[in-house]
Amino acid sequence: MRRFAHRSWVILLLLAALAGCAENALVLKGQTEKLRQEQLALARQKDELQNRASALDRDNQEQAALLAQVRQQNKLLEEQVSVLRDQLSSTTAQLTRLRDEKRATEQKIQAMTASLQRQGGIPITPNNRLLQTLPAINLPDVYVRRDGDVVRVELPSHRMFEPGTARLLPGAPQLVATAVAEVMRLYPQQILGIEGHTDSDPVSNAQYRNNHQLSVARALQVYDMLVTHARVPQNQLFVVGHGGNHPVFSNATPAGKQRNNRIELVVYPETVSR
């Protein structure tokens, strides 16, 4: 009987131990599940942080690109403002020079008139109807404009001369002949100035020391064409080389330089009686 009781007691102890182990296993399982859930939460939090960091990085890159674009636009605007300031300054200086040139021309005409009268030469009389009609010259890059009491016909050098020289291009005689024919049709007795102009770039041709020499050489080429081919009387013409002193546009752009390289046929209000 005692032996049976002892065995029963042992069995109860084993059952209690087994129950304790089961309980511990359940606790361990719960803790493991809790840790797994915390791991998952941390992984999600990590992913969210990485996504936010990536979004912030993209925003920073976009802002940097926008900032670079704004800086580039500001630089372009500053350059445009600088060019406009140069053009305004050039225009103001040009207006001043034109006024001075007009005054000097009037004095020159008065001196020429007085000299011819003293020498008993050809009388010169003004023509006040000069500006009522302007020449109609439909040629590429040829411009006609009023300038005070004179008319200026701009002939483009890039269509008349080889670059940096006074050598005529094949189409130059026809261009000059067409322009002069219209000028002489309207103003057959006006004094006609042949003025050479260049841009501001230094002369690269060793034949000419400066732009004044080049502008005079080009004007003389046109003078020879007018006298030889157009049969314009020599006493009706005079030649002037201004170099780059009288630009019509800013030399800051290639288009402005091309426009400034020109020959101007300047029709004065004074006439020469034949």
Side-chain angles (χ1 to χ4, degrees), residues 87 90-102 104-105 130-187 190-201 211-227 229-230 232 236-269:
Q87 290 178 343
S90 176
T91 301
T92 302
Q94 182 183 354
L95 288 174
T96 301
R97 288 194 297 268
L98 287 174
R99 292 191 189 101
D100 294 340
E101 184 179 348
K102 178 184 176 183
T105 301
L130 174 65
L131 300 181
Q132 293 180 3
T133 305
L134 290 179
I137 305 173
N138 297 319
L139 293 174
D141 300 323
V142 174
Y143 301 94
V144 180
R145 72 181 192 277
R146 294 184 177 91
D147 181 14
D149 58 353
V150 303
V151 173
R152 294 182 178 272
V153 179
E154 295 182 25
L155 306 180
S157 290
H158 70 278
R159 294 188 178 276
M160 300 172 60
F161 304 101
E162 295 180 9
T165 75
R167 292 191 295 271
L168 294 172
L169 293 172
Q174 182 60 42
L175 186 151
V176 173
T178 302
V180 170
E182 175 65 6
V183 170
M184 297 305 294
R185 182 183 71 82
L186 292 176
Y187 319 115
Q190 275 8 90
I191 290 180
L192 187 62
I194 306 169
E195 299 187 359
H197 298 266
T198 68
D199 59 29
S200 59
D201 288 346
N211 278 318
H212 276 84
Q213 288 190 355
L214 176 59
S215 64
V216 170
R218 288 177 170 178
L220 286 172
Q221 285 279 33
V222 176
Y223 171 88
D224 289 339
M225 282 190 282
L226 298 190
V227 172
H229 301 290
V232 180
Q236 194 173 347
L237 304 172
F238 67 90
V239 174
V240 180
H242 294 287
N245 289 343
H246 300 289
V248 290
F249 280 90
S250 170
N251 283 300
T253 63
K257 290 181 180 181
Q258 180 173 285
R259 183 72 182 272
N260 291 332
N261 271 296
R262 68 198 187 278
I263 294 291
E264 288 190 355
L265 302 180
V266 187
V267 183
Y268 288 87

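Values below: every heavy atom of this structure, side chains too, minus hydrogens, waters and symmetry copies. The model shown is predicted, which means the values in this text are computed figures rather than measured ones.
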*Asks:* Compare every heavy atom of V180 with every heavy atom of A230, then report the nearest pair and how far apart it is.
*Replies:* CB-CG1, 4.1 Å

*Asks:* With the threshold set at 4.0 Å, does a side-chain nitrogen-carboxylate oxygen contact exist between R218 and E195?
*Replies:*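 The answer is no: the pair does not qualify as a salt bridge.
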
*Asks:* Kindly write out the residues that satisfy side-chain contact (heavy atoms from CB on, under 4.5 Å) with Q258, not counting sequence neighbours, or none if the list is empty.
*Replies:*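 Only H158 meet the side-chain contact (heavy atoms from CB on, under 4.5 Å) criterion with Q258.
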
*Asks:* Scan side-chain atoms only and decide if D199 and N251 contain a donor-acceptor pair under the 3.5 Å cut-off.
*Replies:* no

*Asks:* Apply the side chain to side chain contact (heavy atoms under 4.5 Å, CB included) test between R145 and each candidate in V248, L134, V151; give the one that qualifies.
*Replies:*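 When V248, L134, V151 are each tested with R145, the side chain to side chain contact (heavy atoms under 4.5 Å, CB included) holds only for V248.
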
*Asks:* As an exercise, state the distance from CZ of R159 to CG of L169, rounded to the nearest 0.5 Å.
*Replies:* 10.0 Å

*Asks:* Any side-chain heavy atom of V232 sitting closer than 4.5 Å to one from V227?
*Replies:* no

*Asks:* What I want to check is whether the side chains of D224 and H229 have a donor and an acceptor closer together than 3.5 Å.
*Replies:* no

*Asks:* To the nearest 0.5 angstrom, please state how far the OH atom of Y223 sits from the CD1 atom of I263.
*Replies:* 14.5 Å

*Asks:* Please determine which of L265, V183, V267, V153 meets the side chain to side chain contact (heavy atoms under 4.5 Å, CB included) test together with V144.
*Replies:* V153

*Asks:* Once rounded to the nearest 0.5 Å, what's the spacing between atom CG of L226 and atom CG of L192?
*Replies:*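 Reported value, rounded in 0.5 Å steps: 6.5 Å.
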
*Asks:* Say you draw a straight line from NE2 of H242 to OG of S215; how long is it, rounded to the nearest 0.5 Å?
*Replies:*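 Answer rounded to 0.5 Å: 8.0 Å.
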
*Asks:* For residues 170-187, which residue pairs pass the salt bridge (charged side-chain N to carboxylate O under 4.0 Å, His left out) check, not counting sequence neighbours?
*Replies:*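 Found E182-R185.
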
*Asks:* Ion pair present between E154 and R152, side-chain N to carboxylate O less than 4.0 angstrom?
*Replies:*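 Salt bridge between E154 and R152, a charged N being under 4.0 Å from a carboxylate O: no.
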
*Asks:* Within a strict 4.5 Å, meaning less than it, do heavy atoms of the E264 and L155 side chains meet?
*Replies:*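 No, every pair of side-chain atoms sits at 4.5 Å or beyond.
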
*Asks:* I'd like to know if the side chain of N260 and the backbone of G244 have a donor-acceptor N/O pair within less than 3.5 Å.
*Replies:*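 Judged by distance alone, no pair lies under 3.5 Å.
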
*Asks:* If I take atom CD from residue Q236 and atom CD1 from residue I191, how far apart are they, to the nearest 0.5 angstrom?
*Replies:* 8.0 Å

*Asks:* Y143 ring centre to R259 NZ or CZ under 6.0 Å, with the angle to the axis within 45°?
*Replies:* yes

*Asks:* Would you please test T198 and H212 for side-chain contact (heavy atoms from CB on, under 4.5 Å) and show each step?
*Replies:* CA-CA 8 Å; T198 68; H212 276 84; over 6 Å; no

*Asks:* Quick one: pull up CD1 in I194 and CD in Q221 and give me the separation to the nearest 0.5 Å.
*Replies:* 11.5 Å

*Asks:* Would you please name every residue forming a side-chain hydrogen bond (donor to acceptor under 3.5 Å, both in side chains) with S200, sequence neighbours left out?
*Replies:* none

*Asks:* Is there a side-chain contact between M160 and V222 (heavy atoms, below 4.5 Å)?
*Replies:* yes

*Asks:* Should the ring pair H197 and H246 be called parallel, tilted or perpendicular, given that the plane angle runs from 0 to 90° and is split at 30 and 60?
*Replies:*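 Rings of H197 and H246: perpendicular, as their planes differ by over 60°.
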
*Asks:* Kindly give the heavy-atom pair with the smallest separation between G256 and F249, and that separation in Å.
*Replies:* CA-CB, 4.0 Å

*Asks:* With a 4.5 Å cut-off on side-chain heavy atoms, are N261 and P156 touching?
*Replies:*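 A side-chain contact under 4.5 Å is absent here.
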
